[in-house]
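Indexing begins at 1, ligand by ligand and atom by atom, following the structure's order.
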Amino acid sequence: MNPIVKFCGMRSFEDYQKAVSTEASMIGFIFAPSKRQVKAADVSEWTRAKPYKAHQQLVGVFVNESVDKMVQQSIEAGLHIVQCHGSETIEEVTAVKKGTGALVYKTIHHHEGALEEMRQYRDIADGFVVDTKTQDAWGGTGVTFDWQAIPKYTEEANRQNVPCLIAGGVTVDNLAKLQRYRPLGIDVSSGIESDEKKDERKMMAMTKAVNNTYQAPDYLGRFGPFGGKYVPETLMFALEELEKAYESIRHDEEFARQLHKELKEYSGRPTALTHAERLSDHYGGATIYLKREDLNHTGAHKINNALAQGLLAKKMGKTQIIAETGAGQHGVASATVAARFGMSCKVFMGAEDIRRQELNVFRMRLLGAEVIEVHSGGKTLKDATNEAIRHWVANVHDTFYLIGSVVGPHPYPMMVRDFQSIIGEESKKQMNERIGKLPDEIVACVGGGSNAMGMFYPFINDDVKLTGIEAAGKGTETPEHAATLTKGRKGVLHGSLSYLLQDEDGNIIEPYSISAGLDYPGIGPEHAHLRDIGRVKYEAVTDDEAMAALQDLCQFEGILPAIETAHALAYVKQNAQRMSKDQVLLVCLSGRGDKDVHTIQQVLGGDNQ
Ligand SMILES: O=C(O)c1ccccc1N[C@@H]1O[C@H](COP(=O)(O)O)[C@@H](O)[C@H]1O
């Protein structure tokens, strides 16, 4: 959901008309002493001359005014919301509510005790504004406060189930930065002025930026209807604890510094951006670039998220890591991180995947992890995840569940996406440095969807086509595939609502793919949302198509990709020709194929002649 936009401080009929013409949902007037002060009679006249839009609400700002005057002026001006912007008491706020029948918002000025102050107005204030107070002014200062504090205000407002607008020095230029803190609303006065008048261009730019900025999930962890927290009561505490811990490090510079150090000095980031010249020539059409996540320590993008969650686990004082794994890459990444940070590690893995990924199982054990073989269901990733959740329920106090993809209950899909966004952020920078523009299209394979989400997310507000590739296995017309978005229906699995492969009765259908990392019957909820809103296009390619593309990359670029990654490459093989040479197709090369050599050998036969 996009944040609420309030444009405040209309001082003339012209200002008011400009605000009405925008998409702002609140229009504010200052009744307190200020250069922007207006009279209730003026507001009443202006609104009669030009009615505001049906969704717009009129807000009156008062500072330490008497209850009688607030009531009288708000009735005269026809206000929907009275904003108490001074040190009005609980009794005064209650009396204004009673006297006007309007909603009353309380402004809290950011300071050490602000959160406690906010708590005191619970069940009394209908909303909050958090603003900066200076020595000379209660508001309209044009001065920002420390935005790192925003998540705690938002969290408290969400707990009280009321809106919370962020005010103080918001401008078109710092809006993008502010949005990183996911405010529920913004309240602007001086930032939309030029020469002491409201500036229509600034107002338009601001509402456009807010409305066009993709913002998900909401505070309940929902991406549109998808995501959420569908877990037993016993896990709610653990998820809330994790959510709090994540919010506390999300914008923390010290955490960012530690993580950056690990990613750089341990994993080898930034990973390379490779121009695949010979492959581009061979396919004809698009100029192909590869984002080389295969060059990460442990051979895939999984380590980005594992290092970040490992650091978070340590910060939370957990001593044990558990993880689920399919292809084994996330298991190896988790075992690696546990060894690096001195924690114990249990990896849950389906018996079928253990058979297919023998080498990775050996690696995990070598790294000191205990690999727990799961024999239920189809003995693959879904079943391993079920077991990991069961173990977590019983050991929540000292155990951190390190989920390897953008799946599971909130906050995992958001947190894993954010930790993997380094892929897209680096790509964006590298593309700009290398060719001075963004790619025309980006392609990534999708199982749960973490490499794709990490690659796509930083480009989501850009004019770049985004394509996710699922596993069609032996064909989506057969029962043997893992094409969740192509063939699935809405349902709940592993704590969140998404698309799932299920039969008429809602039983999960065992997925199939040659690639152990893609045969998951669900998909990250954000992918489900992005597909439904039309921002990302999803297609499916078969085992055979993936294996053919895998060989091309080996033979034309000297790179052995993971079979998962080869699905994205198959799309490139089929579509590069539709593009011209001056168009750039960027592929997330999510992992290397050393772990798959055994499977590849079996499929292609002995010596591959
Ligand atoms: O705008 C004013 O003059 C004003 C005076 C007294 C109290 C509040 C006032 N404005 C409020 O300040 C914030 C945002 O202002 P800015 O963007 O930093 O200029 C907003 O809540 C206004 O309602």
Charged N to carboxylate O under 4.0 angstrom, Glu45 versus Lys50? no
Please determine whether any non-hydrogen atom of Gly142 lies less than 4.0 Å from an atom of ligand 1. yes
When distances are taken from atom 10 (N) of ligand 1, the protein heavy atom at minimum range is Gly140 N, 3.2 Å
If we number the atoms of ligand 1 from 1 as shown, the ones under 4.0 Å from a heavy atom of Ile30 are 1 (O), 2 (C), 4 (C), 5 (C), 9 (C), 10 (N)
> With the threshold set at 4.0 Å, does a side-chain nitrogen-carboxylate oxygen contact exist between Glu193 and Lys198?
Replying inline: yes
Quiz prompt | Tyr181/His251 aromatic ring centres below 6.0 Å | solution = yes
re atom 17 (O) of ligand 1, the protein heavy-atom contact at minimum distance is Ser189 N, 2.9 Å
Q) Taking the non-hydrogen atoms of Gly168, is any one of them nearer than 4.0 angstrom to ligand 1? A) yes
Looking at Phe128, I'd like to know if the NZ or CZ of Lys106 sits under 6.0 Å from its six-membered ring centre while staying within 45 degrees of the ring's axis. no
Whether Glu254 and Arg257 form a salt bridge (side-chain N of Lys/Arg under 4.0 Å from carboxylate O of Asp/Glu) is what I want to check. yes
Closest heavy-atom pair, Ala209 versus Gln179, reported as atoms and distance to 0.1 Å, is O-OE1, 4.1 Å
Among non-hydrogen protein atoms, atom 16 (P) of ligand 1 lies closest to Ser190 OG, 3.4 Å
Hey, do the aromatic rings of His80 and Tyr52 have their centres closer than 6.0 Å?
-> yes
Note: ligand 1 atoms sitting under 4.0 Å from heavy atoms of Ala167 are 13 (C), 14 (C), 21 (O)
Closest to atom 5 (C) of ligand 1 among protein heavy atoms sits Gly139 O, 3.7 Å
Q. Parallel, tilted or perpendicular for His527 and Phe456, by the 30°/60° rule?
A. perpendicular
If we number the atoms of ligand 1 from 1 as shown, the ones under 4.0 Å from a heavy atom of Gly169 are 16 (P), 17 (O), 18 (O)
- Query: Is the shortest distance from a heavy atom of Lys6 to ligand 1 less than 4.0 Å?
  - Reply: yes
Ranked by distance from atom 3 (O) of ligand 1, the top protein heavy atom is Ser34 OG, 2.7 Å
Within 4.0 Å of some non-hydrogen atom of Thr141, the atoms of ligand 1 are 18 (O), 19 (O)
Review point. Can you tell me if CD on Glu253 sees more than 12 non-hydrogen neighbours from other groups inside 6.0 Å?
Key: no
Per-atom filter on ligand 1: closer than 4.0 angstrom to a heavy atom of Val61 are 8 (C), 23 (O)
With heavy atoms and a 4.0 Å threshold, my read on which part of Asp131 contacts ligand 1 is side chain
- Query: Are the aromatic rings of Phe419 and Tyr246 close, with centres under 6.0 Å apart?
  - Reply: yes
Short version for Gln83: what comes under 4.0 Å of ligand 1, heavy atoms counted, is side chain
of all protein heavy atoms, closest to atom 22 (C) of ligand 1 is Cys8 SG, 3.5 Å
shortest atom 21 (O) of ligand 1-to-protein heavy-atom contact is with Asp187 OD2, 2.6 Å
Near Val63 (heavy-atom distance under 4.0 Å), the atoms of ligand 1 are 7 (C)
Atom 2 (C) of ligand 1 has as its nearest protein heavy atom Arg36 NH1, 3.2 Å
Check your understanding: Is the NZ or CZ atom of Arg531 both under 6.0 Å from the centre of the six-membered ring of Tyr499 and within 45° of that ring's axis?
Key -> yes
For Asp463, is the CG atom crowded, meaning more than 12 foreign heavy atoms sit under 6.0 Å from it? no
Going by the 4.0 angstrom heavy-atom rule, the piece of Val59 near ligand 1 is neither
Tell me, do Tyr16 and Thr47 make a side-chain contact under 4.5 Å, heavy atoms counted? yes
The atoms of ligand 1 lying under 4.0 Å from a heavy atom of Val188, numbered in the order shown, are 17 (O)
